[in-house]
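Inspection log for the structure reproduced underneath, given as structure tokens.
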Amino acid sequence: MIASSFNLPLLVGALLAAAVVLASARLLYRQWRAEPAQRSHAWRLAALLLAQPLCATLLYFALLPPSLPGEAGTLVVATAGATPATIGAGRGGEAFVALPEAPPLADVERVPDLATALRRHPGTRRVRVVGAGLEARDRDAVRGLSLEFTASELPRGLVELEAPREVVAGADFVVGGRAHDLRGGFAELIDPGRRRVDRVALPADGRFTLTASPRVPGTASFVVRLRDARQAVVEDVELPLQATAPTPPRVLLLAGAPGPEVKYLRRWVRDAGLSLQTQVSVGGGTQLGDAPVAINAGTLARFDLVILDERAWSALGDGQRAALTDAVNQGLGVLLRVAAALSPTERRRLQALGIAVAGGSDSATVRLAIPARDEDAIRARIGPGTRDAPRLHDAALPEVPALTRRDLRIQPGDAVPLLSDDAGSWLGAWRAQGRGRIALWTLTDSYSLVLAGREDLHGEIWSNALATVGRAQARNDLRLEGEPRQHQRIALCGVANGASVNVPDGSSVALLRDPATGSRNCAAFWPRGAGWHLLRSSELKPGDQKPGERSLSFFVRGPAAAPGLHAGAMRDATSRLVADSAVSVADASAVPGHPGARWPWWLAWLLASAVTWWLERSRPGRRA
Amino acid sequence: MSAVTILQSALQRARQRRAIDSALRCLPWALVAMALAWRLGGTVPALLAFVVAAAATVAFAIHRARTFDTRWLVRELDAKRADMDDSSDLLFAPTEAMSGLERLQLGRLQQRIEGAAAPDLRPRWSARAHAIGSGIAAIAITAILLWPARPGAVFDDVLSSVGVTAAAPTHTTIVQQRLQVTPPGYTRQPARDEATLDAKAPQGTRLQWTLRFAPQPKAAELVFHDGRRIRLVHEGDDWRASDVLARSALYRIVLLDSPPLQPSTLHRLDAIPDRAPQLRVIEPDRSLSLVTPGQRSWALAFEGSDDHGVASTAALRITLAQGSGENITFREQSINIGGSGSATVKRYAHRLDLAALGLAAGDDLIVQLSVNDNRTPTVQTARSASLILRWPSDLGTETTGLEGMVKKVLPAYFRSQRQIIIDAEALLKEKRKLDADRYVKRSDEIGVDQRILRMRYGQFLGEEAEGEPKPPPTSDADSDAGKDDAHGEAEVASTPVDEHGHAEAGGAAGKFGEEGAVLEEYGHTHDHAEAATLLDPETRKLLKSALDEMWQSEGHLRQGHPELALPYAYRALRFIKQVQQATRIYLARVGPELPPIDESRRMGGDRAGIARRGDALVAADVADPTLAALWHSLDAAQVPAPAIDFVALERWLREHESRLADPLAFVAAIEALRADPDCASCRAELRALLWPLLPRQATAVPRRDAGDAAGRRYLDALRQEESK
């Protein structure tokens, strides 16, 4: 380091010692060369000789004052929302500083940031943060210190929001959040057409989840609206989303016989844009649907999902069954529809796949567990219908019919429910097998939803099932860390060299990858303006099959938008720092000292020099 | 004159000179301040400024003059007069402390002063300072007073002053606007003036625009969104136009041969259509009423309401249908009845005299009220539902099937069993008050009721009745006989008939209100109980148990022991409730046990001629390309904003106007965006209107996340662990 190559105290000491030696030598020389009559008295010479090192020592300490031992003090840091009462000013042994966000506080030193405050108060070992919490700017400064956090009350309204950044057009997405201080209130989701599509009553802890679906690819701005118990709007928080066109899975549909369930399932699969290969056996080796494909490893690798009923399942040969199991291990999804009683053999085969079932000889009537929504919201969700079957904006809403299921009880081993009825019993379940998933489906007449006019529900339950079970897909590896907000740093990860961000004013900002982030490949970005930003980056791996550009759109909120979210995030981050500090502070090293005051040394040096000067010029002690 | 007096006067003169000189130095600046105050604030501030400046000047002058004191005088004398011998301070020193020499010198000094001319100690005028100060102040005052009053020339003025061109106005503004809204008279709404050029008024409202422009255009017109144009007529300074609001519209003011209008916003006229009147029947409370015996008149009451007003009279159309079978004649007449109430809600009540109309048994009387509203020029009419008063020719023959009476077959009798229990308990309570004979008699009566009830249920099981079946004493008859007089009378009027008399069976069975008689109507059970297929075995068993209990209950009651009968009665009631809850009684169910499927029989035949057909399934084409393209081009995330195909959009709008909840808002949003394609809020507005029109596609299937390499390794390891 610098100190080893250039030691300032040593240099100063050497220079001063040389000066002392020189001055003393000069004194002795003059004494020796002077006429014996003019020689000074011994005591004068001794005094002068002693004065040289004294002055040099004093000068040394004036230049480099000795460091005082540091004392471990507490620094009270006032942040936004701190009040004199919460700071608890007046307690002994504490220093008080106010960060720029803090309100005006009497007798509290204002500092531009926490690092400055810590430099001004060396020896601080404990930091007590009062108020809303530390901004991102100050969070790194307190690492290694013992941290205490006296949080002020969160603002009323939305304090947490968990929303996907990218959603799939046409599929439901879920928004979670937490509202503070809204007991008995409601959370609503408003679609881009300013109509309410979902609404839930807020429980005591204020947590809620809302769902909606974007209809077409592109950006769409939803709004989370919070109402209090008297239905008055408390807060509207914009929720901008980027909807992308889905990558539809490739489906192989095997049916042992034609039937309405297969017919309406095919209809939906086709309409949803999935690529579909159908094989419906009509007995005697005759098949309907597409050109038959052989069930083997090569074929199954071309599909993401196989839907088959129990008759097609039992008609599979051993080789085909083994190929199917292998394909599942490699990531294929299999959904087995059980529409009739299972024979003991089939039960054993299911058992071998890890799904244990009981019962199933009869059918039972079920009602789907559908979130209770009011009619307006459901109408807004269903939309205007299609060109062939337009639906008026105030058309009456059809009832949800009762459905039928096989009363097959799925033993809950490692299975996860796929669909439940309103009593909570499972209508379908899946379990992981290798990289793939296997699901059992006991609902036998989901098509009656379509017949009753609720094809939206039919699509939703099947979409959910197929999305859960189908083969997984590698995601966009461009990621964003931190909440994008104007003038706040965020990290864009997974970027390649030469990546750039298109900002709302039309210009492009080049990104510089931070080598310290290693394989995460992150680059920092400070958004200057609010609005939609587009991150563009070339492929990270040159050997990838699809070379070219990847992109990620993200929305940057304005600095004043959704203040509750910001307050909640700050509070969370500060609380995390407190939790971390409890662990890391244990091995605190020795307290560093800080330089003492210089002026007493300067004064002493001045006095000593003056006395020496006087002694050199004055008469006493001279013989002549 | 003593020396001291001379010196004092000299000092005084010097002080005056000094004061005047100082005041003169300040005076120009005071004037500058005054001029500035006058220029900025007017006369009063100028006077105030002068007073303040004068006070400051005086204070300054006095302060300057005060600096000339005796010490200054001594210095001046010593400096100017050599004959003072540098000792003029002796003149002002106290004489008591003086030595002789000093007194002598003082005397000499006094003599010299008194002898010589009075010393002139006045400082010189500071002429240069005055000149410079006055000069600068004069320039400043001139500048202040002559500085041009206008803040600055606008660019056009500069251009014209340079002589480039004569500035023509670049746009026209509306300096005065008035939209007079005169709703049609029948709405009884007052005429009003709208502050803006937007209006919301009833259909048929007369609108009158009065506009004043600056500068005056050559011609102006109102251009509506559907292409209609109304020319504004020039009258004096005003431009006028008038129109009748027939339907909602958007319009803008367009000037011809003039600079464009600014701001050129789109205005909106909303026509509120007149709703047709609403009629509500208050009395009678059902559409089909039956004549009650002794009824002489029929009371009718209707309530008519309308948004602007209903007519005071309404027409009641009365149709009398007489005769039976194929020989039915109709007689129609119409009478006007007056209404009472407010202008918008009126009540029409009338009482029809049945005798005057000639209503007789077997006739139907059908009435319908129609009422007009007060709309001009054409009225809107509403008709009420038809109300029927029926006088059944032969009570009971035609009543079955009306108003779903069949539904309540059993409940009427269940209540009766409950009634028997209630009666028995009431009797037990009164036991002490009653004498023994009466007690036994009452118990016997209840026992008879129980017997009748038992026989009714016995009919369901095919038992032959013992003796003649009497109508059951239903609780209806006891509790609210008034509610259904026909019921009570029917009981009295019904004659006992042989249960085998099928020809007349309807006479007893189909009595109005006697729902239980449906059995004879639809299925008579002659044979013994086991053969009766009317009920399924389960129900039959329950009913039989109920009958057994009733039998016991009846026995005890008739012997005068209601307390012993009660447990049986309760049990009977419980069985009957089970019957009610268990099943319907009409027909025995067919067993659901199907024979097992013989799979070997499936399509064993030949497959000749069976060929695989091509799959005809194609995906639905839901997406509307125009809307999807528009939604995409309005995306705020796109930089620069793409162009919008307005022509295609308007064509789409014309074709689908009926699908829109508010087409005018759509038109307005398009117009606003067309006027300013870069307006971000206009884009957002149009996009918000567009969203509800975007068809929702079949729910898409998102793909789950594959996770990273570590996740895949974990899943593979998990499988290997399982397989071990």
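All chains are named by letter (A, B, ...) in the order of the sequence lines, taking the proteins before the strands, and each is independently numbered beginning at 1.
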Do R215(A) and W691(B) pass the side chain to side chain contact (heavy atoms under 4.5 Å, CB included) test, and can you show the C-alpha distance, the side-chain angles, and the key distance before you say yes or no? CA-CA 8 Å; R215(A) 291 181 189 162; W691(B) 174 267; 4.0 Å; yes
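- Shown here for A272(A) and A698(B), the closest heavy-atom pair between the two residues is N-CB, 3.7 Å.
- Considering only heavy atoms from C-beta on, D456(A) comes within 4.5 Å of R696(B) through its side chain.
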Please report the C-alpha distance between D705(B) and Q473(A) in whole Å, then the side-chain angles of each, then the deciding distance to 0.1 Å, and finally whether the side chain to side chain contact (heavy atoms under 4.5 Å, CB included) criterion is met. CA-CA 5 Å; D705(B) 193 353; Q473(A) 187 190 30; over 6 Å; no
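- Contact detail for A472(A) and A706(B): the closest heavy-atom pair is CB-CA, 3.4 Å.
- Side-chain contact check for R704(B) versus R437(A): some heavy-atom pair is nearer than 4.5 Å.
- Of the listed residues (P192(A), G170(A), A245(A)), the greatest number of heavy-atom pairs within a distance under 4.5 Å of chain B belongs to P192(A).
- Contacts between L718(B) and chain A at a heavy-atom distance below 4.5 Å are absent for every atom of the residue.
- Looking at every heavy atom in both residues, P702(B) comes nearest to A171(A) through CD-CB, 3.6 Å.
- Annotation: maximal heavy-atom pairing with chain B below 4.5 Å, among D290(A), N464(A), T468(A), occurs at D290(A).
- Heavy atoms of E685(B) lying under 4.5 Å from chain A belong to its backbone as well as its side chain.
- For V450(A), the side chain to side chain contact (heavy atoms under 4.5 Å, CB included) partners are Y264(A), E455(A), H458(A), not counting sequence neighbours.
- Looking at T699(B) and W268(A), their side chains come closer than 4.5 Å, going by heavy atoms from C-beta outward.
- Ranked by heavy-atom pairs shorter than 4.5 Å toward chain B, the options L288(A), D172(A), I382(A) are led by I382(A).
- The shortest side-chain heavy-atom distance between P246(A) and R703(B) does not fall under the 4.5 Å cut-off.
- Residue A684(B) touches chain A through its backbone alone, counting heavy-atom pairs closer than 4.5 Å.
- The number of heavy-atom neighbours closer than 6.0 Å to CZ of R247(B), taken from other residues, nucleotides and ligands shown, is 12 or below.
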When the side chains of residues 627-634 of chain B are checked against the rest of the protein, which donor-acceptor pairs come out under 3.5 Å, sequence neighbours left out?
from, atom 1, to, atom 2, distance (Å)
H632(B), NE2, Q638(B), NE2, 3.1
S633(B), OG, A629(B), O, 3.0
S633(B), OG, L630(B), O, 3.0

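- Using a 4.5 Å cut-off between heavy atoms, V167(A) does not touch chain B at all.
- Among the candidates A291(A), G331(A), S553(A), the residue making the largest number of heavy-atom pairs closer than 4.5 Å to chain B is A291(A).
- Between chain B and the residues G470(A), G383(A), G218(A), A474(A), the largest count of heavy-atom pairs under 4.5 Å involves G470(A).
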Under the side chain to side chain contact (heavy atoms under 4.5 Å, CB included) criterion, do D716(B) and R435(A) qualify, and how do the steps go? CA-CA 7 Å; D716(B) 291 343; R435(A) 293 185 190 178; 2.7 Å; yes
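- With a threshold of 4.5 angstrom between heavy atoms, A169(A) approaches chain B through N, CA, C or O but not through any side-chain atom.
- Put simply, the side chain of P692(B) does not reach to within 4.5 Å of the side chain of R194(A), judged on heavy atoms.
- Comparing N329(A), L466(A), N502(A) by heavy-atom pairs within less than 4.5 Å of chain B, the highest count is held by N329(A).
- The nearest pair of heavy atoms linking L694(B) to P384(A) is O-CD, 3.2 Å.
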